[in-house]
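In each ligand, atom 1 is the first atom listed, and ligand 1 is the first ligand listed. It should be emphasised that the depicted structure is a prediction, and the values quoted were computed from it without experimental measurement.
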Amino acid sequence: MTTMEAPKKQEVGAVGLGVDRVDGPLKVTGAAPYPSDIGFPHLAHAVLVRTTVAAGRISVVDTSEAEAAPGVLAVITHLNAPRLARGARTILGPEPPPPLQDDRVLHYGQYAAVVVAETFEQATAAARLVHLSYDPGDPLLDPEDPRVVPKSNPFLLDMKRGSVTDGLEQAEVRLKATYVTAENTNNPLGAFATVAAWDGDRLTVHDATQWPYNVRNCLAAAFRISKDQVRVLAPYVGGGFGAGLRTWPHVILAALAARRVRRPVKLVLTRPQMFTGVGHRPSTVQHVKLGALRNGRLTAIDHEAVSTAAMEDSNMESVTMGTAAAYACPNMATRDKQIKLNIPSPGSMRAPGEAQGNFALESALDELAYELDMDPLDLRMRNYADFQPQTGLAWSSKALRECYQAGAERFGWRARDPRPGSMRDGHVLIGYGMAGVSYPHYQSKCAARATIARDGTAYVRSAATDIGTGTYTVMAQLSAELLGLTMDQVRFQLGDSDMPQAPQAGGSGLTAALGTAVHDACGRLVSAFLDLARKDDESPLRGCRLEDVVVAGGRILRASDPSRGEAYTDILARHGLSELTSDGNSAFPKADIGQLVGSLAVSRLGRLGSFAVKATRATVPAGAFGAKFVEVRVDRDLGHVRVTRVVSAIDGGRILNAKTARSQIIGGTVGGIGQALFEDTLTDMGTGRIANATFGDYLVPVNADVPEMDVLFVGGPDPATPVGTKGIGEIGLVGVGAAVANAVHHATGRRIRRLPITLDQLL
Ligand code: MOS
């Protein structure tokens, strides 16, 4: 359970407590330099020009007026841009194609030019003077266009076990339904920005990225320089939600502009440009078939999803794979398909794929529960997957049962009268809905470096990012614990590609990856001190190995006799050293190919071939689990839906910081309310223009839309990694859509199978 009490002074730094963010004061006072705050002497400003058609060719680019405008330093178009190589494919799929390479138009809002000027205002004014003419093509915009052919997602595996045909035949109750989710757009508060500066062939870039290493690699590829000639800095990022996982064309254009004008250049996306330039959650159409016995036992699950992709891009959206791991059903099949449209590139948005797939599956289960006249919670318990259902292997840990129990109790689920429309408060209809969540485990390789200096303070770093999740804070807590120091003796730094390699802050996987690397680095650092002390007659630690000691109060102590030990500072002083440093690494936890293929982590790993299980170990690293309970109040006459209560019960493994962990679940839940009731990126079918690309038109939940939210953490440390975490960055969002839709059905008797749920669907 979450405890929100302030830690006692001497406990500050202890892992698990609700310690305040170490970067909080910097952020609330405006002192944290976000990429858009970075300045240089002689800084020039770049502004983008975008196409106003969605397909065809640019026939004329007239830049003469823009070039003559006051303050303009350069206008770069496909006619004068150099050839830029595309970055290498990563674990998340291909990188977007580089910009300004030819005259073809693939979506409305594609970059056609970049104008560089002395000031932002001059660049903005001149950008309006770039005149484009087109040979327009006939864009594919409508997923229902007969010319559109769904194809298997090349980066995902379809899953199968048993025979769905047989399972549906055995079923006493069958359900077949289609669910639709809208496009949603990542809208971090911090506008994406890049500031690029060249020094000869060396490039330094400040960027709003979730993955400095990948930006470094892509820029090195684009400009054909070596990776160590590029440095990417992202110490503060104003949110990401997946938008910062790829190296988008504007990042390359900022660097290109800086090279062209031989000055540092700043490029800040406008809010409308954020709707076309940094990805969005693709829309889906999902077909679900369920078969069950009268007692609720599932005999078949079939889940097919079609999601949208951009014409010459691809995306790893794994909409259905969560379904394969969710329930103990012997006959199961999933298929993930994509359709290519003339739309801006979709990409990861918090809980990519799972957010949409869970809505369909958990809505269908609710529908089945009504068919069976069974409580929706009991139906889920009846089909509880004690083992990973796709492999039959044990989970490393799973407390979903406890999530259901604790969540139901806190919410008061059992007081629910199951009859739709039965709970009322005057003209307001009240509904209770719930959903279960099984989130995949995902962990990449990561490195970290830890140093203890002569003054007894530690410095730990890795090229990771903190996108608002609390990485700075939890890693400082963890480092302090592992080194036996207080938090104010530890400096944790990140967001610099010159630091040891780190993966993306994404997939809910960074804390496990970075935490494991920090664990390894700190362990090795203590070992390095012991190497000095081991043969030292003067040391009370003589002869000790890592397993023989504990750390506390800046000292290494004999575990068997904590009165004997010595301080890091004493060891350094005696050996005449100013500091000692060690490197640590993490890889996928206890991996073998059977586990990799067996666990849902495969969804992010791409082509691993067949689904053969060659497991030699008996467990599958488990991701987080959760149960969502939602109360809605629906105005009977107006169809207006309000979410009035949410209880989230989460098995997140070991919780490193009760406060930031709770914030992650709350923030995710707000995102889920957005997906359920508000967010809907609308494409104008005539032109391909995003019709609501501003905060005035694109609805997100505001304070008045967000109720009190209860967060319960259940379960304990997961043994798959030494830090015991499971990753909770995304699970807060998942399940909200289905729980809201299920609650709306309970309130009104109307089954809404399309998100967001809007007034018109209820009237
Ligand atoms: Mo997350 S959508 O993997 O940043």
So is Glu730 in contact with ligand 1, going by heavy-atom distances below 4.0 Å?
yes
Tell me whether Ser508 reaches ligand 1 (any heavy atom closer than 4.0 angstrom to a ligand atom).
no
At under 4.0 Å between heavy atoms, is it the side chain or the backbone of Ile467 that contacts ligand 1, or both, or neither?
neither
Ser348: numbered ligand 1 atoms lying under 4.0 Å from its heavy atoms
2 (S)
Do Gly242 and ligand 1 have an N or O pair less than 3.5 Å apart?
yes
Gap between atom CE of Met311 and atom OG of Ser345 - 0.5 Å precision
11.5 Å
Going by distance alone, is a donor N or O of one side chain under 3.5 Å from an acceptor N or O of the other, for Ser508 and Glu730?
yes
Carboxylate-amine/guanidinium contact Asp158 Arg335, below 4.0 Å
no
List ligand 1 atoms under 4.0 Å from Pro352, heavy atoms only on the residue side.
2 (S)
For ligand 1, which atoms sit closer than 4.0 Å to a heavy atom of Gly507?
1 (Mo), 3 (O)
Would you check if Leu656 and Thr725 make a side-chain contact, meaning some heavy-atom pair closer than 4.5 Å?
yes
Residue pairs, two or more places apart or on separate chains, that pass side-chain hydrogen bond (donor to acceptor under 3.5 Å, both in side chains) and touch residues 235-252:
Arg246-Asp313
Any Lys/Arg nitrogen of Arg231 or Asp496 sitting under 4.0 Å from an Asp/Glu carboxylate oxygen of the other?
yes
Distance only, no hydrogens: is a donor on one side chain within 3.5 Å (strictly under) of an acceptor on the other, for Thr185 and His280?
no
Numbered in order shown, the ligand 1 atoms found under 4.0 Å of a heavy atom of Arg350 are 2 (S)
Numbered in order shown, the ligand 1 atoms found under 4.0 Å of a heavy atom of Ala505 are 4 (O)
Would you mind listing which atoms of ligand 1 come within a distance below 4.0 Å of any non-hydrogen atom of Gln210?
4 (O)
Does a side-chain N-to-carboxylate-O contact under 4.0 Å join Arg654 and Asp718?
no
Gly506 neighbourhood, listing ligand 1 atoms whose heavy-atom distance to it stays under 4.0 Å:
1 (Mo), 3 (O), 4 (O)
Of all the atoms in ligand 1, which lie at a distance below 4.0 Å from a heavy atom belonging to Phe241?
2 (S), 4 (O)
